[in-house]
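This report refers to the structure that appears directly beneath it.
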Amino acid sequence: MKKAVYPGSFDPVTYGHIDIIRRAAEIFDELTISVLDNKAKTPLFSVEERVKILKEATKDIPNVRVESFSGLLINYAAENDFHISVRGLRAITDFEYELQIAQTNNKLSGGKLDTIFLTARLEYTYISSSSVKEIASFGGDVSECVPDFVADMLYEKYNQKSRGESNE
Ligand code: ADP
């Protein structure tokens, strides 16, 4: 069985990510989307929320699983027998960063982990989780970037913040 992992922050998942997920799920027998629980970053959505959102957004794709991981991708990959990591490329700026990570992962894993890149579809190239958060924080329209239920969750998060509520 050909399996792969698609690791990322997904804070939150966008149509750009979902398109990569659909295309990777066509290539591999099983695709595991793994949300990075990075204690050094302060995400808008908790890792549990991001996993839940991804499960809902990909529920119609049968060969996709969603889970989370922390620490180094190479360790998580070795423990779960993943030898291929999928990543998306939007622009040359992504490429420089992604190339370095891919080469580092290959080196540190002793050649056991390879990275496969799928290029973003043109209509999603401009979308990033950070720009979506910025737009939503000002109540702007993110309907072309994320599914409606994700947009609602974003507005709700920023409403909570403006009311001074904390979810931590
Ligand atoms: P990171 O994992 O680098 O913190 P993300 O969770 O946003 O960032 O992205 C995970 C992966 O998805 C990365 O490989 C990124 O380049 C890719 N990606 C992000 N946005 C898009 C998009 N709009 N289209 C295609 N790929 C994307």
Side-chain angles (χ1 to χ4, degrees), residues 3-28 30-58 61 63-77 80 82-109 113-137 140-151 153-154 157:
K3 59 180 197 167
V5 59
Y6 180 22
S9 305
F10 306 106
D11 185 37
V13 68
T14 68
Y15 281 138
H17 297 128
I18 295 170
D19 181 56
I20 298 287
I21 292 166
R22 282 193 195 289
R23 288 158 57 201
E26 293 275 324
I27 299 171
F28 297 98
E30 186 180 270
L31 179 71
T32 301
I33 309 164
S34 284
V35 178
L36 175 60
D37 188 4
N38 184 349
K39 303 282 183 226
K41 282 193 186 175
T42 318
L44 181 65
F45 292 100
S46 69
V47 71
E48 294 79 16
E49 286 172 319
R50 284 178 278 153
V51 165
K52 218 171 143 192
I53 293 172
L54 271 160
K55 282 188 175 161
E56 176 64 25
T58 60
I61 316 173
N63 57 334
V64 162
R65 299 166 59 236
V66 186
E67 56 186 42
S68 63
F69 76 105
S70 54
L72 287 180
L73 177 66
I74 51 155
N75 294 340
Y76 166 74
N80 292 277
F82 293 124
H83 301 287
I84 296 172
S85 164
V86 174
R87 297 283 287 177
L89 288 177
R90 285 162 294 188
I92 200 78
T93 40
D94 274 350
F95 179 75
E96 287 192 17
Y97 169 77
E98 295 286 347
L99 179 68
Q100 195 190 17
I101 304 225
Q103 288 173 331
T104 305
N105 283 337
N106 188 264
K107 178 82 185 162
L108 287 183
S109 67
L113 184 64
D114 264 315
T115 304
I116 285 191
F117 296 108
L118 292 179
T119 51
R121 259 169 62 178
L122 276 182
E123 60 264 50
Y124 301 133
T125 302
Y126 72 98
I127 302 175
S128 70
S129 296
S130 37
S131 66
V132 166
K133 283 182 280 192
E134 172 105 24
I135 297 165
S137 73
D141 181 6
V142 290
S143 59
E144 305 239 323
C145 305
V146 296
D148 289 349
F149 82 95
V150 180
M153 288 178 77
L154 278 161
K157 251 319 165 198

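Indexing begins at 1, ligand by ligand and atom by atom, following the structure's order. Keep in mind the model is a prediction, meaning the values are calculated, not measured.
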Counting only nitrogen or oxygen atoms and a 3.5 angstrom limit, does [X] reach ligand 1?
X: D11; value: no
X: G88; value: yes
X: P7; value: no
X: I127; value: yes
X: R87; value: yes
X: S9; value: yes

Requested in this report: List the atom of L31, the atom of I21, and the distance in Å for their closest heavy-atom pair.
Outcome: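 That closest heavy-atom pairing would be CD2-O, 3.7 Å.
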Of all the atoms in ligand 1, which lie at a distance below 4.0 Å from a heavy atom belonging to [X]?
X: F10; answer: 6 (O)
X: G8; answer: 2 (O), 6 (O)
X: E98; answer: 13 (C), 14 (O), 16 (O)
X: K41; answer: 4 (O)

Please answer whether the main-chain N or O of [Y] pairs with a side-chain N or O of [X] as donor and acceptor at a distance below 3.5 Å.
X: N38; Y: S9; answer: no
X: R23; Y: T119; answer: yes
X: S129; Y: P12; answer: yes

Report task. Just do the side-chain contact (heavy atoms from CB on, under 4.5 Å) check on F69 and L36 with the steps written out, would you? Result -> CA-CA 5 Å; F69 76 105; L36 175 60; 3.7 Å; yes
Query raised in the report: Going through the checks in order, is the salt bridge (Lys or Arg N to Asp or Glu O under 4.0 Å) test met by R87 and D94?
Result: CA-CA 10 Å; R87 297 283 287 177; D94 274 350; over 6 Å; no
Query raised in the report: Which bit of R50 is near ligand 1, meaning a heavy atom under 4.0 Å away: side chain, backbone, both or neither?
Result: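 Neither; nothing of R50 gets under 4.0 Å from ligand 1.
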Report task. Would you mind telling me if ligand 1 is within reach of the side chain of R121, the backbone, both or neither, using heavy atoms under 4.0 Å? Result -> neither
Query raised in the report: Atom NZ in K133, atom OG in S128: separation rounded to 0.5 Å?
Result: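 That separation rounds to 8.5 Å.
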Query raised in the report: What distance do L154 atom CG and I53 atom CD1 have between them, rounded to the nearest 0.5 Å?
Result: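 So the CG of L154 and the CD1 of I53 are separated by 7.5 Å.
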Protein heavy atom at shortest distance from [atom]:
atom: atom 21 (C) of ligand 1; result: R90 CD, 3.5 Å
atom: atom 5 (P) of ligand 1; result: H17 NE2, 3.6 Å
atom: atom 25 (C) of ligand 1; result: A120 CB, 3.5 Å

Query raised in the report: Are F82 and Y76 near enough that their ring centres are under 6.0 Å apart?
Result: yes
Query raised in the report: Does some non-hydrogen atom of Y6 fall short of 4.0 Å from ligand 1?
Result: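 Right, Y6 reaches ligand 1.
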**Report entry** Pair E56-V150, side-chain contact (heavy atoms from CB on, under 4.5 Å): steps then yes or no
**Finding:** CA-CA 10 Å; E56 176 64 25; V150 180; over 6 Å; no
